[in-house]
Participant: 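The structure under discussion is supplied below as structure tokens; questions concerning it will follow.
Only a predicted model underlies this, so the values are computations on that prediction, with no experimental measurement involved. Numbers restart at 1 for each chain; the letters A, B, ... are given by sequence-line order, proteins then strands.
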Amino acid sequence: MSSGSKQPAPAAPAKQPAPAAPATPAEAVAVQEELRELVDLVGPGPAAPATVAGLDVAYAQSGDLLAAAVTVLDARTLAVVDSAVSVGRPAFEYVPGLFAFRELPALLAALDRLTTVPDLLVCDGHGLAHPRRFGLACHLGVVTGLPAIGVGKTPLVGEWVPPSAERGSWSPLRDGGEIVGRVLRTQDGVKPVFVSVGHRMSLDNATAQVLALTPRYRLPETTRTADRLCRDALADAE
DNA sequence: GCGACAG
DNA sequence: ATCTTGTCGC
């Protein structure tokens, strides 16, 4: 578009030029230290997103092949309206705290294949609830410019007390003197999940979105549909 | 030194 | 993440 267009430029979320892929854990840490400054902690993010994306990755037994999937759900009906997959190799060894570098390239490739742009990314892993406050959800949020939240099944950092047994109850996840997320009960009597902000979202809104995505099961429908898709894609690839 | 450690 | 049998419960 020329600078003489009638309309002002759309307020497109600023994508972040992807830094070179790190080759060593030390380089990966340096990338995190650099990108963490770009995380938007204010949000508050969309109160009523039209579409919400789920991202997940499945690995082959051999460990040298993976399939990444993104499913986009209508936030109101939770029906899948778009999806994409990408098969590849793990881009990094698995190191707790550097987990994102393994799956990021494949996840970004899958995101690129979508025909729509989701209003929110729901990631399988943590956001701020990370040793350097830059988990997968922050990384994906900063690189895509999209609002993002992290939903982890097990803790990585922090201390907490179990929330009461009813769906919707939560307790703060604390680490190093700060609140980095929430331990949220998504169904009565099930193990809680660990919700944290990724990018351009408030913790309150992140919690609300996760509850809206868990009408029946412990994990968000976004995660469930993406999990099924990447498993199927991996089976086809083998 | 020992234990913990997203997926 | 993935490897794994049965089992308890709706």
Participant: May I ask whether A:Y94 stacks on the base of B:dG7, given the cut-offs of 5.5 Å between ring centres and 30° between planes?
Facilitator: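 Aromatic stack with B:dG7 present for A:Y94.
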Participant: Which whole-number value in Å describes the distance from A:L219 CG to C:dA1 P?
Facilitator: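 That distance rounds to 9 Å.
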Participant: Working to the nearest 0.5 angstrom, can you tell me the gap between A:L120 CG and A:T51 OG1?
Facilitator: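 Here the interatomic distance stands at 8.5 Å.
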Participant: Would you indicate which nucleotide in C:dC3, B:dA6, B:dG7 comes nearest to any side-chain atom of A:D56?
Facilitator: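 The closest nucleotide is B:dG7.
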Participant: Within less than 4.0 Å of OP1 or OP2 of B:dA6, is there a side-chain N or O belonging to A:R102?
Facilitator: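 Looking at the OP1 and OP2 atoms of B:dA6, neither is under 4.0 Å from any side-chain N or O of A:R102.
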Participant: Determine the contact category for A:G97: base if any of its heavy atoms lies under 4.0 Å from a base atom, sugar-phosphate if only primed atoms, P, OP1 or OP2 are that close, otherwise nothing.
Facilitator: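 Contact class for A:G97: base.
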Participant: Give the rounded distance in Å between these two atoms: CZ of A:F194 and C1' of B:dG7.
Facilitator: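 Going from A:F194 (CZ) to B:dG7 (C1'), I get 14 Å.
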Participant: Taking atom CZ of A:R224 and atom CZ of A:R216, what is their separation to the nearest 0.5 Å?
Facilitator: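 Answer for the CZ-CZ pair, A:R224 versus A:R216, is 8.5 Å.
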Participant: Can you tell me how far P of B:dC5 sits from NE2 of A:H126, to the nearest Å?
Facilitator: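 My rounded result for the distance is 10 Å.
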Participant: Which residue is it: A:F134, A:F92, A:Y94? I am looking for the one with a ring pair (Phe, Tyr, Trp, His ring centres under 6.0 Å) to A:F101.
Facilitator: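 When ring pair (Phe, Tyr, Trp, His ring centres under 6.0 Å) is applied between A:F101 and each of A:F134, A:F92, A:Y94, only A:F92 qualifies.
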Participant: From CD of A:E93 over to C1' of B:dC5, roughly how many Å is that when rounded to an integer?
Facilitator: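 So the CD-C1' distance, A:E93 to B:dC5, works out to 14 Å.
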Participant: Once you apply a heavy-atom cut-off of 4.0 Å, does A:L55 come out as touching a base, just sugar-phosphate, or nothing?
Facilitator: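 No contact at all - A:L55 keeps every heavy atom at 4.0 Å or more from the nucleic acid.
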Participant: Does this structure show an ion pair linking A:D227 with A:R231, if we count only N-O contacts that are shorter than 4.0 Å?
Facilitator: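 Yes.
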Participant: Counting only heavy atoms and a strict 4.0 angstrom limit, can you tell me which residues of residues 153-170 of chain A come near DNA chain B?
Facilitator: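 A:K153, A:T154, A:P155, A:L156 - these, ordered by number, are the residues of the stretch whose heavy atoms sit under 4.0 Å from the strand.
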Participant: Can you measure A:Q32 atom CD to B:dA6 atom C1' for me and round it to whole angstrom units?
Facilitator: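 In whole Å, B:dA6 C1' and A:Q32 CD are 12 Å from each other.
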Participant: Counting side-chain heavy atoms from C-beta on, which of B:dC5, B:dG7, C:dT2 comes nearest to A:E103?
Facilitator: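 Per side-chain heavy atoms of A:E103, the pick is B:dG7.
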Participant: Mind calculating the distance between OH (A:Y59) and C1' (C:dA1) to the nearest angstrom?
Facilitator: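 It works out to 6 Å between those atoms.
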Participant: I'd like to know if A:V31 and A:L128 are part of one continuous hydrophobic network [Ile/Leu/Val/Met/Phe/Trp/Tyr, side-chain heavy atoms within less than 4.5 Å].
Facilitator: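 Yes, one cluster joins them.
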Participant: Please give, in whole Å, the distance from B:dG7 C1' to A:R231 CZ?
Facilitator: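 In whole Å, B:dG7 C1' and A:R231 CZ are 12 Å from each other.
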Participant: Classify the nucleic acid contact of A:L66 as base, sugar-phosphate or nothing, counting any heavy atom under 4.0 Å across all strands shown.
Facilitator: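 Nothing, no nucleic acid heavy atom in range.
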Participant: Just how far, in rounded Å, is P of B:dA6 from CG of A:L184?
Facilitator: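 Rounded to the whole Å, the gap is 20 Å.
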Participant: For A:A129, which contact category applies under a 4.0 Å heavy-atom criterion: base, sugar-phosphate, or nothing?
Facilitator: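 It contacts nothing in the nucleic acid.
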Participant: Can we say A:D119 and A:R200 salt-bridge, meaning some charged N sits less than 4.0 Å from an Asp/Glu carboxylate O?
Facilitator: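 No salt bridge links A:D119 with A:R200.
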Participant: How long is the span from the CD atom in A:Q209 to the CG atom in A:D204, to the nearest 0.5 Å?
Facilitator: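 The CG atom of A:D204 is 11.5 Å from CD of A:Q209, to the nearest 0.5 Å.
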